[in-house]
Number of protein chains: 2
Amino acid sequence: MASLKDVAEKAEVSIATVSRVINGNSHVQMDTRHKVQKAIKELNYRPSRVAQRLRSKGKESKLIGLVLPDIENPFYVDMIRGIEATAYNQGYSVIIGNFSQNKARSEMYIDILKSEGVNGFIVAPVNNEDPKVRELIKSGYQVTCVDRDMEGVEVDSVKINNEEAAYGAIKHLINLGHKRIGHVGGQWDIPTTKSRLAGYKRALLESGLPIEEELIITRSSDFQNGVEATTALLDLNRPPTAVFTGNNLLTLGALRAIHARELKIPSDIAIVGFDDMYWSELLNPPLTAVHQDGFEIGRRATELLLSRLVEPNRPCIKVILDAKLRIRKSCGAAQNGRLSTDL
Amino acid sequence: MASLKDVAEKAEVSIATVSRVINGNSHVQMDTRHKVQKAIKELNYRPSRVAQRLRSKGKESKLIGLVLPDIENPFYVDMIRGIEATAYNQGYSVIIGNFSQNKARSEMYIDILKSEGVNGFIVAPVNNEDPKVRELIKSGYQVTCVDRDMEGVEVDSVKINNEEAAYGAIKHLINLGHKRIGHVGGQWDIPTTKSRLAGYKRALLESGLPIEEELIITRSSDFQNGVEATTALLDLNRPPTAVFTGNNLLTLGALRAIHARELKIPSDIAIVGFDDMYWSELLNPPLTAVHQDGFEIGRRATELLLSRLVEPNRPCIKVILDAKLRIRKSCGAAQNGRLSTDL
DNA sequence: TTAAATCATGTAAACGTTTTCATAAATTTA
DNA sequence: TAAATTTATGAAAACGTTTACATGATTTAA
């Protein structure tokens, strides 16, 4: 790779002048400017981001660190696409740490990204406390939370109203006549798990239905737990007539468990899932699910972060996006021909 | 972030000594070593990768650049996980460029990653020629190709035998009695598209079946094309009794098109897909598909790259992994109770 | 005992930028 | 015309490392 020095020599000027040309500094004469631009082109020169980053310690580093729970989850993949698209548009690179719902790995990635000299972070905190993220904020890094928020900290965040979305999903089941609704949730200390559970409970209470602990299982957020927890629900003396699954991996696991028993959906048991995929309609049966727009969440989060890099002390902004319930065939007949409904 | 200098001051030694302690250089006395380690701990010091990278220009940069066609495709997500796991294990960071099957974006990412000072690249070349990747190799970067290879270049690569895998899939259909088999392939100039098409043709020829151009559509590699191409096949005067789809997005598109016509799989039309997902069995119907192990491909590619960084001039290695056909319910009754078959 | 070798540590240069300061040339002002 | 201002450019420092070289202390060899 050609360096500033190479360009300077070729153009017979100092490296300072070359730097000025590159950064659009006005104090450089037309003909020298042209000489330099010619040399840059001939050498196919591009400035080293590494050196830029070292020199200007954060301020101009043009690198965003991304710390996400699970790259296997299509919802996060959509978010990554939204983040990438927005960031690269503005000349930022993105470096991804995928911690697989594992606290230790999350901390490891944060350390690595710090030492990579990132400019700011987009993070899904492991839980409401997440001391590592708190420390990050305290020590002056710019941070935006996605998908999950943190309490008692001044930090930008983008997420949906999980409680309300879950409430809507359960209401849908109740309206279809279900009275015994099971819930398979994710890891208990993840904020979204809590909110979705809260929405579930509120809907039941509001309709005068009892909340039965045996119908609620919140353990880990992965496929395997989806299988096991659903199986456990099916094994109850009085199994539920419907299940609400807390994320898309759990949903897939639940489907597996139900199919393994050769039960019919929705006549034997109905299912409504949290998180929608564009291929949800191709599942057996086409899945009724809560849709949240991962791409948009990513886009908004990136905009928030970039704006905060420019104006570090502005008051923090909490973005809460809407989710939609996409009604397909896993809960019973579609109602009034509507395909989706605002929550 | 604390720097070497801070540690040096605290421990009352020179920065050189601190550096030696960190890098395990033997020439440092026990008690100074302890003093330094204590200071490091107290200041929570971690070396700046940015500075390390600048200083040792590539040689020790500990950063791998990843340039992939499509992060929406679960197959590549598996690959990323394999690459990440292996890389981080050895202290390398990974930075991802996702070019969405777009040549210009692929080139942009390669430039960015170069200027990020990556140590080496793992790349899926856009096609056999890919002049940008050739140039990369020529200018001395270490490169490993994944999923796709390049002709006439000395470069490590990891992929499966696509021709053979496609051949096996088609043979399976033929054995079930299908005589008119359509093929929906990806973008024509992608190497995998060509190989899979070749396997398709070989299987037909070998069984004495004609190759009919109207049954073959290779356009772009995305979901939308899967829908459109399959619809076109169904609209033929003599539609095929089976389709072979060239990647998982095309498969999902094909399913959508078939369901839109309310045709029964496999009685009206059978389908075998390239690329398997762990949730393929949950599709309607459970999908018979060619399985390639993305995680393993990623792992092997990373090992190859890291080994080449140590020994840049070793002869190049071409790894070809096996694919398996996972037989489920989209082509007809499972045979002899076998669930999968080596290709 | 003395020369040679080894060991522990420090000094300073280098990596590729950006930026402050200095300086010389050109322009404006009085 | 002389002084003051503006403009174009260069020199050098700094960012945080690694490492070649230098130096003085200690050990080994003869």
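Order of the sequence lines sets the chain letters (A, B, ...), proteins ahead of strands, with each chain counted from 1.
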What nucleic acid atoms does [X] come within less than 4.0 Å of, heavy atoms only: base, sugar-phosphate, or nothing?
X: A/Arg33; answer: nothing
X: A/Ser19; answer: base
X: B/Val13; answer: sugar-phosphate

Counting just side-chain N and O atoms, does [X] come under 4.0 Å of either OP1 or OP2 of [N]?
X: B/Ser56; N: D/dT17; value: no
X: B/Ser48; N: D/dC15; value: no
X: B/Gln52; N: D/dT18; value: yes

Which whole-number value in Å describes the distance from [X] [atom1] to [N] [atom2]?
X: B/Arg49; N: C/dG16; atom1: CZ; atom2: P; answer: 20 Å
X: B/His27; N: D/dT27; atom1: NE2; atom2: C1'; answer: 14 Å
X: B/Glu116; N: C/dT17; atom1: CD; atom2: P; answer: 13 Å
X: B/Leu4; N: D/dT19; atom1: CG; atom2: C1'; answer: 13 Å
X: B/Glu12; N: C/dT9; atom1: CD; atom2: C1'; answer: 15 Å
X: A/Met30; N: D/dT7; atom1: CE; atom2: C1'; answer: 14 Å
X: B/Gln29; N: C/dG10; atom1: CD; atom2: C1'; answer: 14 Å
X: A/Arg53; N: D/dC15; atom1: CZ; atom2: C1'; answer: 13 Å

Could you work out which one of [options] sits closest to the side chain of [X]?
X: B/Thr17; options: C/dC15, C/dA8, C/dG10; value: C/dG10
X: B/Val28; options: D/dT17, D/dA8, C/dT9; value: C/dT9
X: A/Leu54; options: C/dC7, C/dT17, D/dC15; value: D/dC15

Each nucleotide N or O in nucleotides 11-14 of chain D that has a protein N or O under 3.5 Å away: list the pair and distance.
unit_1	atom_1	unit_2	atom_2	d
D/dA14	N3	A/Arg55	NH1	3.2

With the threshold set at 4.0 Å, does a side-chain nitrogen-carboxylate oxygen contact exist between [X] and [Y]?
X: A/Glu42; Y: A/Lys10; answer: yes
X: B/Arg314; Y: B/Asp156; answer: yes
X: A/Asp111; Y: A/Lys132; answer: yes
X: A/Arg49; Y: B/Glu116; answer: yes
X: A/Arg299; Y: A/Glu296; answer: yes
X: B/Lys138; Y: B/Glu154; answer: no

Any non-hydrogen side-chain atom of B/Val155 less than 4.5 Å from a side-chain atom of B/Lys318?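 Touching, per the 4.5 Å side-chain cut-off.
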Taking C-beta and beyond as the side chain, do A/Met1 and A/Tyr45 meet within less than 4.5 Å on heavy atoms? no
Hey, what bend do you get for the helix from C/dT1-D/dA30 to C/dA30-D/dT1 if you fit axes on five pairs at each end, rounded to 10°?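 End axes: 50° apart.
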Go through the structure and list residues passing side-chain contact (heavy atoms from CB on, under 4.5 Å) with A/Arg33, not counting sequence neighbours. A/Val21, A/Val28, A/Met30, A/Gln37
Has the side chain of A/Asn102 got a donor or acceptor atom that lies under 3.5 Å from a matching backbone atom of A/Phe99? no
If you find the nucleotide of DNA chain D closest to B/Asn23 and the one closest to A/Asp31, which residue's nucleotide is nearer the 5' end? A/Asp31
